[in-house]
Amino acid sequence: MDVRAQVSMVFHLDKCIGCHTCSVACKNVWTDRRGAEYMWWNNVETKPGTGYPTGWEDQSKYKGGFEKKEDGLELRAVGKVRGALTVFHNPNFPVIDDYYEPFTFDYQNLFDAKEGADQPIARPVSMITGKPMEIESGPNWDDDLAGSKHYAAHDPNLANVSAEEREALFDIERLVFFYLPRICNHCLNPSCVAACPSGALYKRGEDGIVLLNQERCRAWRFCVTACPYKKTYFNWSTGKSEKCILCYPRLESGQAPACFHSCVGRIRYLGMVLYDADRIEQVAQTEDHDLVDAQRSLILDPNDPKVIADAKRNGISDDVIASAQRSPVYRYVIEWGLALPLHAEHRTLPMLFYVPPLLPVMAQKSENGHYDTTHDDFLGSIDQYRLPLQYMASMFGAGNEAPVRYALRKQLAVRYYRRAVTTGDIPQEQADRLLKEAGCTPEEADRIYHLTALAPFDDRFVIPPMHREEAIEMLDEPLEAKGFAGMGIRKRPERGA
Amino acid sequence: MANASAWLSLASTLVLSGTLIGAPIQEAPAPEGPQADPALVDLYVRKCASCHTVGKGARVGPDLKDVDQRRERRWIVDLIREPSKMLDRDPDARKLLQEFNGVRMPDLGLTAEQANGLADLIVLASRYPIDLSPAFVAVTEATAEDVARGRDLFTGRMRQKGGGPSCSACHTVQNAGGFFGGGTLAKELTHSFAVLGDEGLDAALANPSFPLMKDVFADHPLEPDEVFALRAFLNDANRSAGTDPDRLDILIVGLLGTVVVILILNAAWARRLRGVRHAFLPKRGSQS
C-alpha cells in the first residue's frame with residue numbers, strides 16, 4: 001500500500017446560491033492580468049446548461065480525458081501517437097468564442113465626450129484587441145437558464161433523458177435548475193499532466209495539488225485539450241498555460257483558498273485525505289458503472305492503524321495524519337457517502353466531490369395551473385425529484401443512478417429527521433423509518449446536520465500543516481539560503497540583483 | 001566496390017586521355033627547332049586550349065600568337081597566374097575583357113613555375129609549328145543516337161562513367177530535363193554551343209576550368225565519348241531551341257498545387273473543432 005496525502009474538496013450543491021462571489025474572489029486574486037482576462041479558474045454554472053467554456057462536457061467535441069482501451073487508458077485526442085501527429089496543429093482546441101471574448105467599457109468617454117444632443121455612453125471594448133465590440137457571450141451567459149432554448153437544451157447530460165422529461169424540464173412554470181461551481185479537480189490521475197509534452201505539469205507530492213511550471217511550459221496547449229473539465233487555460237500574452245493552484249500560498253500559511261474563504265453559502269469543505277496510490281491504475285480502468293464506488297474506495301480510513309503505519313513509512317507526518325482524521329471531506333465522501341465526483345467517466349479520478357442538490361421537491365404546477373405545495377408526506381420523496389435522476393447520474397454517477405439515489409435519499413431522510421426533531425410536525429416513527437431505509441443512524445444524521453447546516457469555519461476547512469520545509473529539503477539545500485532574510489533569491493534576474 | 005570502380009574509371013580515363021591527347025604530339029614528325037616539354041603541352045591543352053589558340057584565330061579569348069611582342073613578359077605571367085586580379089586592376093587586361101564580351105578568364109590555380117613554362121610554350125609555339133590543339137572529332141559527325149545519349153547524360157538518366165554529377169543538377173537546357181527543367185545554380189546552356197564553339201566546348205567539358213566545375217569534376221572526369229555525345233546534344237539544343245518561352249505554366253501549376261494541398265489538409269482535418277457555441281445559436285438575422 002503506497003499511502004499518499006491529497007488536499008481534497010467537497011462542494012455542497014444544495015447550499016449554493018449562485019452568487020459568483022467565489023469566481024470574483026478568484027478573479028481578483030489570480031486572473032486579473034493581461035492575457036488572463038478570459039480565464040475563470042473558478043466559475044459557477046447553471047445546470048441544466050452548457051457552462052463555461054460552452055458545452056465543455058461534450059467530449060465528442062473537446063476530446064478531453066481518458067478513454068478505456070483494451071490495453072489500458074489512452075488520452076482521447078493527445079496521446080503519444082495522435083499527439084505527435086497533431087503537435088503543430090491540434091484540431092481540438094476551444095476557440096476564444098467558446099469561452100467568451102473578455103470585455104470592459106470605455107468609461108473615459110463618459111468624461112471626455114464632447115457636448116452634444118445625445119447622452120455619452122461607455123461602449124464595450126474588447127480586452128484582447130482593445131477595439132469596440134459587440135458583447136455576444138460571457139462566462140455565465142446561460143446563468144439561471146438564460147437562453148435555455150439554445151444553451152441548456154444542448155446540455156450533454158440530457159442525452160439519456162427521455163423527450164418527455166426533457167420537455168418538462170423547460171416547461172415555463174416547471175423550470176428547474178441548480179448551480180454547479182467548478183474549480184480544478186486536482187485529480188489523482190490528471191490527464192493534463194499525462195498530456196503535457198514538456199513535462200511542465202506536475203502533481204505536488206506532499207499535498208496532490210496539480211501545478212503548472214511556468215518556466216517549463218512550451219505552449220503546446222495539450223493540457224487545454226486533455227482536461228475534460230477545461231480547467232487549464234492558455235494565456236495569450238505570456239504564451240504559457242495556467243490553471244487553478246488551489247491558492248497554495250494561502251494553504252501554506254494556513255488560510256483557506258480564496259474561493260473557499262469567500263463562499264457566502266458556506267458550501268465548500270476542504271481537508272486532507274489519504275489514498276492508496278498503488279491502486280490508481282487499476283481503479284481508473286474500472287467499468288463506468290462501478291467507477292464512482294471504485295474511486296471512493298481509493299480513499300483510506302485515516303484511523304486504520306495499518307494505514308497510519310504505511311503513511312508514516314511514506315514520510316507523511318503525524319500532524320498531517322491527524323488532520324486527515326478530522327477531514328470533513330472524508331466524512332462526506334466515505335463515511336456518509338453523500339459526495340460524488342463530477343464526470344468520473346473521464347477516468348481522471350477528480351478529487352473535488354459534490355453533494356448532489358436535493359432541491360425543493362415541493363411546489364410543482366398542478367393540473368389546474370396552481371402551485372401545489374402539498375404532499376402526502378410533507379417533503380415528498382426521491383421519486384418526485386424534479387430533475388430526472390438519469391440527468392444527475394450522468395453528472396455525478398458516471399451514468400449509474402445508484403450512488404446518486406443513495407446520496408439524495410440520505411439527505412432527504414436527514415431533513416425529515418431534523419424536521420421531526422425541531423418542529424415535531426413529522427411523526428418520529430416516520431423519520432426513523434426513513435433514516436433506516438437510507439442506511440443512516442440518528443447519530444450520523446446529527447453529524448450530517450451539524451456539518452451541513454451549522455458548519456463552523458474550522459470544521460469546514462481543516463487545513464493540514466503543509467510542511468513546505470520538508471518538501472523543499474527534498475529538492476534544495478536549505479542551509480544554502482542561510483543568512484538570507486527568509487527571502488533568498490531562487491533565480492537571479494538577468495538584469496542582475 | 002564503388003571506390004574500386006571509381007579508381008578503375010579514373011585509370012581508364014588517364015589511359016584514354018593519354019592516347020588521345022598525348023599521342024599525336026609524341027607521334028608527330030619532329031619539327032625543325034626545339035622540342036616542347038610534353039608535360040607543358042598537356043597542361044596547355046587542359047587549361048588553355050578551351051578558350052585560346054596560337055595562330056588559329058580568336059575564340060573565347062584572344063589568339064595568343066606572338067603575344068610576347070604585344071605585352072611584357074611579366075604581364076603575361078601575371079595574367080596566367082592571377083587573371084582575376086589583373087582583370088580587375090590592369091587597364092590593358094580590362095580593355096581586352098571588354099573586347100571579348102566580358103567573358104572573364106578564370107583563375108587556373110597554377111604555380112609560378114607552371115605559368116612561366118606556359119608563357120615559354122606560347123612563345124615557342126608562335127615561332128615553331130607545335131600542335132597545341134587537343135584530339136578532336138567534330139560534332140558534324142554526330143548521329144541522332146549520339147544526341148539522344150547526350151541528352152540522357154545531361155539529364156542524368158544515363159550515369160556518367162566517371163561517376164560525376166549530371167549536368168542538369170546545375171544547368172538548364174531548354175526542352176530538356178522535364179517540366180521543371182534543370183538547375184539554376186550555373187549558366188543556362190541552351191546556346192552554349194554558339195558561344196563556345198565545338199572545340200571550346202570540347203575542352204570545357206573534358207577539362208573544365210570553371211571555378212566550381214573544376215573541383216567537382218577533378219576526380220570524376222567525363223570520358224571522350226561522353227564529351228562527344230554532350231557536344232552533339234548541345235549543338236542540337238542550340239539549333240532546335242527557340243527563344244525563351246514564358247513559363248506561365250509553372251505559376252499556374254504552383255497555384256493549383258497550393259489549392260490541392262489546402263483541400264487535402266482541409267479533408268484531413270475535416271473533424272476539427274470549429275467552435276461550439278456558435279453552432280447552438282440561430283443564424284444571425286433569422287427569427288428565433
Side-chain angles (χ1 to χ4, degrees), chain A residues 38 45 48-64 76-78 82 85-101 134-142 145-156 158 221-222 224-226 228 230 234, chain B residues 1-2 155-157 159 165-172 177-186 188 212 216 246-288:
Chain A
Y38 81 97
E45 296 171 3
T50 48
Y52 159 87
T54 312
W56 62 271
E57 287 160 293
D58 188 352
Q59 304 308 338
S60 70
K61 289 181 177 132
Y62 289 116
K63 314 260 182 191
R76 263 201 193 88
V78 282
R82 232 176 306 173
L85 286 177
T86 57
V87 70
F88 294 113
H89 178 83
N90 181 343
N92 304 304
F93 283 138
V95 294
I96 191 70
D97 181 70
D98 294 326
Y99 296 96
Y100 76 106
E101 186 168 354
E134 291 269 322
I135 299 171
E136 283 184 39
S137 166
N140 57 338
W141 205 243
D142 58 347
L145 289 181
S148 61
K149 197 159 49 167
H150 305 307
Y151 290 100
H154 286 101
D155 187 332
L158 293 169
R221 287 170 282 169
F222 277 19
V224 177
T225 296
K230 288 287 162 284
F234 181 67
Chain B
M1 264 315 275
T155 58
R157 187 165 301 172
R159 195 99 171 84
S166 71
C167 316
S168 64
C170 302
H171 296 284
T172 302
F179 180 77
F180 291 104
T184 52
L185 183 65
E188 208 269 8
L212 192 60
V216 170
D246 241 348
R247 293 307 301 269
L248 200 65
D249 46 354
I250 289 215
L251 181 70
I252 292 167
V253 166
L255 288 174
L256 281 177
T258 309
V259 170
V260 168
V261 167
I262 288 173
L263 286 178
I264 288 172
L265 291 181
N266 195 38
W269 283 308
R271 288 165 63 202
R272 68 187 181 274
L273 192 59
R274 297 171 206 236
V276 174
R277 194 183 70 89
H278 263 294
F280 293 164
L281 302 178
K283 286 223 174 67
R284 253 168 200 278
S286 72
Q287 289 292 314
S288 63

Indicate yes or no for a side-chain donor-acceptor contact from [X] to the backbone of [Y] under 3.5 Å, with no hydrogens or angles considered.
X: B:Ser168; Y: B:Gly182; value: no
X: B:Arg277; Y: A:Asp98; value: no
X: A:Arg82; Y: A:Arg76; value: yes

Quiz item: Any side-chain heavy atom of A:Tyr151 within less than 4.5 Å of one from A:Leu145?
Solution: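 No; the side chains remain at least 4.5 Å from each other.
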
Self-check item: Residue list, side-chain contact (heavy atoms from CB on, under 4.5 Å) with A:Asn92, at least two apart or on another chain
Solution: A:Lys63, A:Ala77, A:Asn90, A:Thr225

Quiz prompt | chain A neighbours within residues 252-266 of chain B, where any heavy atom lies under 4.5 Å away | solution = none

Quiz item: Can you check ring-ring contact (aromatic ring centres under 6.0 Å, His included) on A:Tyr52 and A:Tyr99, steps first, answer last?
Solution: CA-CA 6 Å; A:Tyr52 159 87; A:Tyr99 296 96; 5.7 Å; yes

